[in-house]
Structure formats: structure tokens, C-alpha cells
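Notes for the one structure printed next.
Only this structure's heavy atoms are used, side chains among them; waters, hydrogens and symmetry mates stay out. Below, chains carry the letters A, B, ... as their sequence lines are ordered, and counting in each starts from 1. The structure presented is a predicted model; accordingly, all values stated were derived computationally and were not measured.
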Amino acid sequence: MLDIQLLRKDLPAAIAGLKRRGFAFDEAAFLKLEGERKSVQSRTEELQGKKNTLSKQIGMLKGKGEDASVAMAESTAITDELKANETKLAEIQEKQSAFLRVVPNIPRADVPDGKSEHDNVEVRRWGTPRKFDFKPKDHVDVGAGLGGLDFDTASKLAGARFSVLKGGVARLHRALAQFMLDVQTREHGYTEVYVPYMVTGECADGVSSLAKFKEDLFKIEGRDLYLIPTSEYPVTNFVRDTIVDAKDLPMKFACHSPCFRSEAGSYGKDTRGMIRQHQFDKVELVQIAHPDKSTEAHEELTRNAEAILQKLELPYRTMLLCTGDIGFSSARTYDLEVWLPGQDAYREISSCSNFEGFQARRMQARFKNEKGKTEPVHTINGSGLAIGRTLVAVLENGQNADGSVTIPAALVPYMDGVTVIPAKAGIQPSK
RNA sequence: GGAGGGUUGGCCGAGUGGUUGAAGGCACCGGUCUUGAAAACCGGCAGGGCCGCAAGGCUCUCGUGAGUUCGAAUCUCACACCCUCCGCCA
């Protein structure tokens, strides 16, 4: 949620900022609500004050055993008007809150203008895509060749956009999760956490807009619970409704969890393979930071995610998302894109965002600043990394002419010393 | 599934329908004392909203929502969550 003070103080600037990301802020509606709110609120509080004064008087009079009927009559007289005003005020505040909660964050000034992903800016690139002396296959064929990727069984079990992993590939999947968690906790100072894979609607609305994006989530029937689309949902909500000690900042958490996404609206997109699934695993990095340190924290977290790609020797590039491609809650986002030889393209494998105070205001997550005042914390998160896509990258980048896959050295200890997953005899790649 | 207990400020915990946003303690901050620290003592210290340049003022909030009342942390009802015991299951 945007800071309403900002809207009151400098509405044109906020509108201009939102316009950069293609959001048309309804200024007239906002001003109308604000005007109504002001007058109704002040009248309500005036009446409440009157009532309080009278009640105190009555208390005093009764305490002394005197007659209080005049004050009591006076108090009764304003009851109806008070109630009417209180009801009206609650309605207005409800409307205002609903209005504000679907307004996205304002991109920071240093976010490049743009309409779509094509306008994102490459800020750095690491590694050189390998030259193959044969035509590299995509992960679906590589996985089939290993006898380790089975989409037919998956669809029998749960339909499209699921996968079944077997043998060395399943093991590789597990190894990746362990490896990522170990790097983030041992080398980068994150605390490992395990969390519920469902959260309440309130928590979901704390990190994003439930009203806007609930079609993207799987909901538990008959209950106010949603399967998490990323562990950002539970982990960021650790600090919801709390005032954290400034000296406990930054808080750094790493969480391995499955992620569930309905992928509504992406029909026909990435239908082949395990690039876009209803269920995938991810190691998520979350930082709760002091506002003065959040830019730094965002850079650090992005580097922490990049470290995984480097250790796995996977070429990637870091993109600064443009205003048109940035997520609802984000003020600034880097995407990491890994090189996939099977697609001959860089594909997103991590998204690292600084939400500044946007989520914190939705969640009421605060700390006491130097002046002793409460202030929203800043929240930062990013994938470190998406495990399914990392698996895809390892299979495609590590494939050999004979159909086997070479395991990156950093992963070998996690594979019980296995350096190569051999091709399974007799299994033919799909056409 | 059955029975019972609970939900109060950063934390613990008291609370009679009436000047209670709420005793007391802990934690925290400031001060006195001390060579320094500790202890002791003194003082400060909830959050949200609104108005105000500020100082400050007003208002709301004792799980949530409704109700009774001139007035509710306190009474009534509904709901949520937590805990204990029994049963069942991993």
C-alpha cells in the first residue's frame, strides 16, 4: 500500500510515478473520498468527544449522589446522529482502503521506463554459453533420455503442468535444494526456516493484492486459506502486526518450499516441459531491512542469488526490470535469467525485488526508529533460486552427446559423488 | 469427535459498569550515585487515525463482530484463534 500521506502531500508526483508503470490513478475518485472522509470524520469525532465529556460528568454526579438526568438526556439526544456518522465513516474508510489496496507500488526513480519485458535493461552478464558440437536438446528430451522426467504419469495424476521426476533426476532436484539452502545459510548469513504451505487471505493481501490476484492462487475450499505461490507469502508475514527492534534488522531468512500457481491467463505459454508448472520448489530469500539499508540489502540479496548460478557454472544475465514489467508490490526488481541451450535463450530463474515500505504498510510491520517513532520496515525478497528451472538449466547445459548429463562440481557432494547421470539405454527422446 | 480453560500494552500480569488507555513487574531509554560497571534510587516509555509548521490537541483500540447502557476491558450473543484432558490417527 502506498503511504497515504504521500498522496495527500504530493498527489501529482504519485500519479506521475504510477503512470510510468501504466497505472491510471483515479484522482477524482480519490479526492472525492478524501473530502467526504474529512468532513464525516471530524463531525464523528466531535460527537464522540461530546459524548465522552457527558459520560464523565454523569459519572462524577452519580459518584456524589447528585441528579444526572439533564446530562443523560443530552447524551441520549446525540446518539442517533453519532451512530449515523460512525456508520458512514466506516463505509468511507472501507471504500478508501479497498481503493488504495489495489494501487500498485511506485517504481523508484532509477527504474527504466518501458512497456514490457523487451524494455528491461541488462546490467551484467556472467559466463559464456557453451558451444556444443552437437545440437543441444531441451530438458524434456534430455530428461526423457535419462529416464528421469515423466510428464505422462504426472498428467495422469494431476493433469497438465505437473511433473514426475525419477532416479538421478529426482536426486538432482533434491541435491539442488540442499545445496542452495546450504550456500545461503552458511555463506550468506540467512536463517533457514520451515513454514506452512498455506496462508490466510490476510497474509496473502499483505504481500500482494488478493483482490487483484486471487485467480492466480489455489484456494482451499470452504476455508480462508491459500496454497502459497512462493514462500515469500508466509516468511514476509513473520513480521506482520509487529514492531521489531531496530537492532534486530536486517532479518534474513532462507526458505525451501513448494510453490503453487494456478497460471491462469498463461494458457498455451511454456506448455512443454517444466518451465511453467502448477507446482515447483524454490529456495526463497527474504530480508526485513531498515529503510536506510534496503537498497544495499536488495543488491546483496541479488548477489546472493547470483552466487548459486555461478557455483553451478550456469551462464546468466541480470536484468533491471522496466516500469512496465515490474510486479505489483515492487519498487525495483532485478530478474536473473539463466542460459538455456535447448531454447537458445535466457530465461527467468529468479526475481529479486525491493518492496520498500509497500508490503510493510499492508502488514503493519514496523520498527522503532532513532526518534522513537514507529516506521514501516522495508521488505526485500528474491528466489535463490527456483529449483525446477535450475534443474532444467543443469540438464540442458550439462548434457553430453551420448545423452548423459554432467553434474556441476559444486553439486557432486550432494549427489553422493556422482559426476554424470548416465543415459538410460533404450529410451528415445520425444519428437 | 467429546469436555473444559483462555485471549489485556514490546513481554508477563492485575482489573470493581463510571475522570481506566488501563495497577504491578520485566525489558528498554534518560538521570543520580560510582574510577568504570553492577546494584539501588528518580524519571520516561502502547498502537492506529485525524488536525497542526511545531509544541500539542482530538479520537479510536483490552481476540473479532454485533448488542444492552447516558456510559463497557468489565454484562449478553455470535465467530475466530490458542491451551489442557479424553478419543481417533500419523
Side-chain angles (χ1 to χ4, degrees), chain A residues 1-11 30-101 194-206 220 222-226 234 237-249 251 288 290 357-377:
Chain A
M1 194 154 52
L2 295 179
D3 184 358
I4 194 163
Q5 302 306 336
L6 191 85
L7 298 179
R8 292 191 180 122
K9 250 185 271 161
D10 196 353
L11 188 55
F30 175 75
L31 291 175
K32 182 160 173 274
L33 271 175
E34 256 298 274
E36 284 180 52
R37 197 222 85 231
K38 231 176 198 171
S39 69
V40 176
Q41 181 164 3
S42 59
R43 180 60 182 159
T44 304
E45 290 185 358
E46 185 188 332
L47 291 169
Q48 284 169 333
K50 246 186 213 171
K51 196 128 198 161
N52 287 342
T53 311
L54 288 167
S55 289
K56 280 181 188 175
Q57 272 176 22
I58 295 165
M60 275 194 285
L61 290 169
K62 291 221 167 180
K64 283 187 263 175
E66 289 172 25
D67 176 46
S69 56
V70 176
M72 280 165 70
E74 213 178 315
S75 179
T76 306
I78 60 174
T79 300
D80 287 349
E81 192 191 347
L82 210 207
K83 284 206 168 149
N85 273 277
E86 282 177 336
T87 308
K88 187 89 212 277
L89 181 63
E91 271 169 33
I92 293 169
Q93 284 174 331
E94 186 72 23
K95 268 192 209 168
Q96 194 167 47
S97 160
F99 177 94
L100 286 174
R101 289 187 86 86
Y194 169 84
V195 298
Y197 298 156
M198 303 174 203
V199 294
T200 62
E202 200 177 30
C203 288
D205 201 59
I220 305 301
R223 304 208 44 179
D224 180 35
L225 284 175
Y226 297 82
N237 274 286
F238 280 8
V239 291
R240 88 171 292 110
D241 277 328
T242 60
I243 300 174
V244 304
D245 220 315
K247 66 174 184 283
D248 291 334
L249 299 175
M251 299 166 112
I288 310 295
H290 188 288
F358 189 83
Q359 295 180 324
R361 276 187 293 273
R362 299 180 148 249
M363 299 189 295
Q364 289 270 70
R366 297 147 295 164
F367 74 103
K368 265 211 199 322
N369 67 20
E370 298 66 28
K371 292 177 194 149
K373 286 208 152 191
T374 59
E375 193 183 328
V377 295

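Going from the P atom of G9(B) to that of G65(B) covers 15 Å, rounded to whole Å. Across the P atoms, C81(B) and U64(B) are found 15 Å apart, a figure rounded to whole Å. Taking atom C1' in both C89(B) and G48(B), one finds a spacing of 44 Å when rounded to whole Å. Comparing G49(B) with G13(B), their P atoms are spaced 29 Å from each other, to the whole Å. Across G2(B) and C88(B), the matching P atoms stand 15 Å from one another, rounded to whole Å. A78(B) and U19(B) are spaced 29 Å apart, taking the P atom of each and rounding to whole Å. Straight-line distance between the P atoms of C79(B) and G56(B): roughly 46 Å, to the nearest whole Å. A46(B) and G67(B) have their C1' atoms separated by 28 Å, given to the nearest Å.
Across all strands shown, Ser42(A) has no heavy atoms under 4.0 Å from either base or sugar-phosphate atoms.
For G10(B), the OP1/OP2 oxygens have no side-chain nitrogen or oxygen of Arg366(A) closer than 4.0 Å. Applying the 4.0 Å criterion to OP1 and OP2 of C45(B), one finds that Lys368(A) has every side-chain N and O outside that range. When the side-chain nitrogen and oxygen atoms of Thr242(A) are compared with OP1 and OP2 of G10(B), none of them lie within a distance under 4.0 Å.
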Does the side-chain contact (heavy atoms from CB on, under 4.5 Å) test come out yes or no for Ile220(A) and Tyr226(A), once each step is laid out?
CA-CA 6 Å; Ile220(A) 305 301; Tyr226(A) 297 82; over 6 Å; no
Arg240(A) and Glu202(A): side-chain contact (heavy atoms from CB on, under 4.5 Å), yes or no, with the steps?
CA-CA 10 Å; Arg240(A) 88 171 292 110; Glu202(A) 200 177 30; 3.3 Å; yes
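One interatomic measurement links the two molecules: CD1 of Ile4(A) to P of G49(B), which rounds to 9 Å at whole-angstrom precision. The CD1-P distance, from Ile92(A) to G49(B), rounds to 18 Å in whole Å. Going from atom CG of Asp241(A) over to atom P of G10(B) covers 11 Å, rounded to whole Å. Taking atom CD of residue Glu94(A) and atom C1' of nucleotide G49(B), one finds them 15 Å apart after rounding to whole Å. To the nearest angstrom, P of C29(B) lies 16 Å from CD1 of Ile243(A).
Side-chain contact between Val199(A) and Leu225(A) is absent, with no heavy atoms from C-beta onward closer than 4.5 Å. Counting heavy atoms from C-beta on, the side chains of Gln57(A) and Leu54(A) come closer than 4.5 Å.
For RNA chain B, the residues of residues 30-41 of chain A within the heavy-atom distance limit of 4.0 Å (strictly under) are Arg37(A), Lys38(A), Gln41(A), sorted by number.
The NZ atom of Lys9(A) sits 12.0 Å away from the CD1 atom of Ile4(A) when rounded to the nearest 0.5 Å. Here the NZ-CD1 distance, from Lys38(A) to Ile92(A), works out to 13.5 Å after rounding to the nearest 0.5 Å. The distance from the CD1 atom of Ile243(A) to the CD atom of Glu375(A) is 12.5 Å, given to the nearest 0.5 Å. In this structure, NZ on Lys32(A) lies 13.0 Å from CD on Glu34(A), to the nearest 0.5 angstrom. Here the CE-CZ distance, from Met363(A) to Phe238(A), works out to 11.5 Å after rounding to the nearest 0.5 Å. Taking CZ from Arg43(A) and CG from Leu82(A), the interatomic distance works out to 9.0 Å, rounded to the nearest 0.5 Å.
Sequence neighbours left out, the pairs with a member in residues 85-94 of chain A that pass side chain to side chain donor-acceptor pair (under 3.5 Å) are Gln48(A)-Glu86(A).
Side chain of Gln364(A), nearest nucleotide from C50(B), G48(B), G10(B): G48(B). Here the side chain of Gln5(A) is nearest to one of G48(B), C50(B), U19(B), namely C50(B).
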Which atom pairs link the protein and nucleotides 56-61 of chain B when you take only N or O atoms and keep those under 3.5 Å?
residue: U59(B); atom: O3'; partner: Gln48(A); partner atom: OE1; Å: 3.1
residue: U59(B); atom: O2'; partner: Gln48(A); partner atom: OE1; Å: 2.9
residue: C60(B); atom: OP1; partner: Asn52(A); partner atom: ND2; Å: 3.4
residue: C60(B); atom: OP2; partner: Asn52(A); partner atom: ND2; Å: 3.3

N/O to N/O distances under 3.5 Å, protein versus nucleotides 66-73 of chain B:
residue: C70(B); atom: O2'; partner: Ser75(A); partner atom: OG; Å: 2.3
residue: G71(B); atom: O4'; partner: Ser55(A); partner atom: OG; Å: 3.3

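A residue-by-residue look at Arg8(A) and Arg223(A) shows that Arg8(A) has its nearest nucleotide of RNA chain B further toward the 5' end.
Looking at Ser75(A), its side chain never comes within 3.5 Å of a backbone N or O of Ala71(A) through a donor-acceptor pair. For the pair Thr242(A) (side chain) and Val239(A) (backbone), a donor-acceptor distance under 3.5 Å is present.
The environment of NZ in Lys50(A) is sparse: at most 12 heavy-atom neighbours from other residues, nucleotides or ligands sit within 6.0 Å.
Stem analysis of RNA chain B (at least three stacked-register Watson-Crick or G-U pairs, each with both distances under 3.5 Å) gives B:1-7 with B:80-86, B:10-12 with B:24-26, B:28-32 with B:40-44, B:46-51 with B:56-61, B:63-67 with B:75-79.
Partners of Gln5(A) by side-chain contact (heavy atoms from CB on, under 4.5 Å), not counting sequence neighbours, listed by chain and number: Asp3(A), Arg8(A).
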